[in-house]
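Sequence lines set the chain letters: A, B, ... in the order given, protein chains first and strands last, and positions in each chain run from 1.
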Number of protein chains: 2
Amino acid sequence: MASHYCLIVLFALPLLFSPTAGDSRCSTHEVALVRNISDLPQDSYGIPGLSHITVAGSVLHGMKEVEVWIQTFAPGSHTPIHRHPCEEVFVVLKGSGTLYLASNSHQLEYPGEPRAFTISANSTFGVRDDDVHQVWNTNDKEDMQVMIVISRPPIQVFMYQDWYTPHPNAKLKFPCYWDEECFQSQPKIEL
Amino acid sequence: MASHYCLIVLFALPLLFSPTAGDSRCSTHEVALVRNISDLPQDSYGIPGLSHITVAGSVLHGMKEVEVWIQTFAPGSHTPIHRHPCEEVFVVLKGSGTLYLASNSHQLEYPGEPRAFTISANSTFGVRDDDVHQVWNTNDKEDMQVMIVISRPPIQVFMYQDWYTPHPNAKLKFPCYWDEECFQSQPKIEL
């Protein structure tokens with residue numbers, strides 16, 4: 001076991017929603033304990049170039065302390081410049097891109113010029129609470145796929161117009177795009 | 001982006017420790033933001049058939065709210081029967097096996113007969129706080145590899161002799177095997 005090679009294959013299949021799929025997706029009572037990731041809903045949620053899968057979520061699966069997502073970014077697509085009051089861990093599953101991180105966000109009135117870090121398949125990195133960051137698929141040849149872990153769900157996202165937008169002007173997006181459909185049917189979570 | 005196929009390859013390479021590797025591994029000040037998972041230490045920690053990699057940890061990487069591990073189980077190897085006061089999410093990356101779960105642990109004086117769930121590559125499942133469980137590679141032909149997410153690190157593990165061991169007789173293992181070497185060099189965490 002000191003050394004091993006492993007090959008991992010995930011299939012993300014097209015979605016086939018039944019008329020009641022929306023309701024069942026929003027009921028944590030109907031969620032199977034063991035779920036095939038290929039069968040989970042994936043959607044762009046109107047964000048160009050994004051495919052998001054909630055692998056384990058607070059609104060969809062009753063998680064209280066962590067969430068796990070898989071997101072795929074088409075070449076040139078990216079997250080907004082944003083921060084959130086929770087920890088985040090990324091594992092890059094496929095492709096490559098760039099992490100832009102303003103790790104001194106807390107000390108300034110605005111994020112400021114970010115540092116750029118190259119990220120690629122089989123790499124991992126973390127983002128601290130409220131550090132302003134952006135993940136960008138800067139590889140024009142292939143999709144970039146990442147597994148994302150966040151703490152303290154459901155996530156509250158503060159989005160910035162640019163790296164010099166004052167922190168008070170950042171726009172709160174809550175619930176986030178993939179929680180919107182089901183959030184109202186869940187017990188309210190105190191923020 | 002409605003449909004896509006992705007191939008993910010992780011290489012877990014042999015470890016080459018320098019004489020000071022122990023010290024550097026225990027210093028969160030020397031941790032690179034972006035880390036290649038293939039370069040991270042992997043070890044059995046004396047547990048037969050296990051290979052553990054801390055992808056993002058509290059003791060090794062300064063995480064405060066979540067940890068991410070990759071564990072590989074040789075055929076026939078398994079976790080102890082255990083519980084922990086935190087949430088856990090598994091993503092099966094390779095192979096197959098069985099999850100044994102006593103989800104009514106909280107209502108009894110002992111875990112009781114567990115339910116068995118087949119788990120296989122590309123499946124995901126969660127374990128609630130303090131639900132007694134065991135993950136077993138019951139496939140005699142190949143390793144089973146899982147990515148594990150836990151909340152509230154560092155983890156406190158309560159281990160059971162069998163499914164009828166009274167809860168008060170479960171043995172606390174803290175720090176857990178992979179945190180032992182570095183835990184003492186870190187600031188104490190209140191339990």
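The two residues A:Leu33 and B:Gly126 come nearest to each other via the heavy atoms CD1-O, 3.3 Å.
In this structure, chain B has a heavy atom under 4.5 Å from the side chain of A:Val68, while its backbone stays farther away. Only the side chain of B:Leu101 comes within contact range of chain A, judged by heavy atoms closer than 4.5 Å. With a threshold of 4.5 angstrom between heavy atoms, A:Leu99 approaches chain B through side-chain atoms but not through N, CA, C or O. For A:Val66, the parts sitting under 4.5 Å from any heavy atom of chain B are the backbone and the side chain alike. There is no contact between A:Ser103 and chain B, counting heavy-atom distances below 4.5 Å. Of the two parts of A:Val149, only the side chain, counted from C-beta on, holds a non-hydrogen atom closer than 4.5 Å to a non-hydrogen atom of chain B.
The distance from the CG atom of B:Asp39 to the OG1 atom of A:Thr124 is 12.5 Å, given to the nearest 0.5 Å. The line from CE of B:Met63 to OG of A:Ser151 is 7.5 Å long, rounded to the nearest 0.5 Å.
A donor atom on one side chain and an acceptor atom on the other are not found under 3.5 Å apart for A:Ser123 and B:Asn36.
For the side-chain hydrogen bond (donor to acceptor under 3.5 Å, both in side chains) test, no residue two or more places apart in sequence or in another chain qualifies with B:Asn169. With sequence neighbours left out, A:Arg128 forms a salt bridge (charged side-chain N to carboxylate O under 4.0 Å, His left out) with A:Asp131.
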List, one per line, each side-chain donor-acceptor pair under 3.5 Å for residues 107-116 of chain B, sequence neighbours excluded.
residue: B:Glu113; atom: OE1; partner: B:Tyr164; partner atom: OH; Å: 3.0

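Within a 6.0 Å sphere centred on CD of B:Gln161, heavy atoms belonging to other residues, nucleotides or ligands number 12 at most.
Here the side chains of A:Val34 and B:Thr118 are not in contact, with every heavy-atom distance at 4.5 Å or above. Contact check for A:Glu65 versus B:Asp129: side-chain heavy atoms found under the 4.5 Å cut-off.
Taking non-hydrogen atoms and a 4.5 Å limit, the residue list of residues 77-87 of chain B in contact with chain A, ordered by number, reads B:Cys86, B:Glu87.
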